[in-house]
Amino acid sequence: MELGITTFADTDLDGELNMIRLNVASLVHLSKLYLRPMVERRSGKILNVASTAAFQAGPGMAVYYASKAFVLSFSEALA
């Protein structure tokens with residue numbers, strides 16, 4: 001490990017799974033809940049917030065960067 005950067009091998013699995021639940025699973029769940037009624041009434045918008053992390057991989061936060069890439073890709077697919 002260099003420069004104090006935590007490697008993926010050393011990060012907390014439970015914390016990362018919680019991050020996936022928050023950034024990925026909840027996004028899919030809420031989109032599914034609200035999208036169909038919006039389509040039926042032909043009105044509504046969904047705003048998802050990603051990060052510049054969606055466009056690159058980063059050291060020490062692999063799951064965060066990957067989850068933000070998911071947000072971006074999923075949002076573009078819905079659009």
Side-chain angles (χ1 to χ4, degrees):
M1 186 166 28
E2 295 180 23
L3 301 173
I5 295 174
T6 303
T7 65
F8 178 73
D10 296 325
T11 55
D12 177 58
L13 176 60
D14 288 333
E16 290 171 330
L17 293 175
N18 285 334
M19 186 182 304
I20 291 168
R21 285 184 200 100
L22 177 64
N23 292 351
V24 175
S26 65
L27 176 75
V28 172
H29 187 178
L30 291 170
S31 296
K32 185 64 84 169
L33 285 174
Y34 288 98
L35 184 60
R36 187 171 310 230
M38 286 183 207
V39 170
E40 288 172 357
R41 70 176 177 265
R42 297 177 183 218
S43 175
K45 297 192 186 289
I46 294 175
L47 173 67
N48 294 325
V49 178
S51 164
T52 57
F55 298 98
Q56 62 192 12
M61 297 180 7
V63 172
Y64 175 79
Y65 282 83
S67 72
K68 293 305 179 174
F70 178 88
V71 172
L72 177 63
S73 181
F74 181 73
S75 300
E76 289 176 343
L78 286 183

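We count residues from 1, following the sequence as given. Values below: every heavy atom of this structure, side chains too, minus hydrogens, waters and symmetry copies.
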Quiz item: Taking only residues two or more places apart in sequence or in another chain, which ones pass ring-ring contact (aromatic ring centres under 6.0 Å, His included) with F70?
Solution: F74
Self-check item: Counterpart residues, side-chain contact (heavy atoms from CB on, under 4.5 Å), relative to R42 (two or more places apart)
Solution: none
Quiz prompt | Transitive ILVMFWY side-chain link L22 to V28, under 4.5 Å | solution = no
Self-check item: Neighbour count above 12 (heavy atom, 6.0 Å) for R36 CZ
Solution: no
Self-check item: CG-CG distance between L17 and D12, expressed to the nearest 0.5 angstrom
Solution: 8.5 Å
Quiz item: Sequence neighbours excluded, which residues qualify as side-chain hydrogen bond (donor to acceptor under 3.5 Å, both in side chains) partners of S73?
Solution: none
Practice problem: Find out whether V63 and T11 are in side-chain contact, i.e. whether some heavy atom of one side chain is under 4.5 Å from a heavy atom of the other. | Solution: no
Exercise. Measure the spacing between NZ of K68 and CE of M19 and express it to the nearest 0.5 Å.
Key: 9.0 Å
Quiz prompt | Validation row: E16, Y64 side chains within 4.5 angstrom (heavy atoms) | solution = no
When the side chains of residues 48-57 are checked against the rest of the protein, which donor-acceptor pairs come out under 3.5 Å, sequence neighbours left out?
from: N48; atom 1: ND2; to: S75; atom 2: OG; distance (Å): 2.9
from: S51; atom 1: OG; to: A53; atom 2: N; distance (Å): 3.0

Quiz item: Between atom CG of L35 and atom CD1 of I46, what is the distance when rounded to the nearest 0.5 Å?
Solution: 4.5 Å
Self-check item: All side-chain contact (heavy atoms from CB on, under 4.5 Å) counterparts of L47, not counting sequence neighbours
Solution: none
Exercise. Please collect all side-chain hydrogen bond (donor to acceptor under 3.5 Å, both in side chains) contacts where either partner lies in residues 20-34, sequence neighbours excluded, each pair once.
Key: N18-R21, N23-S67
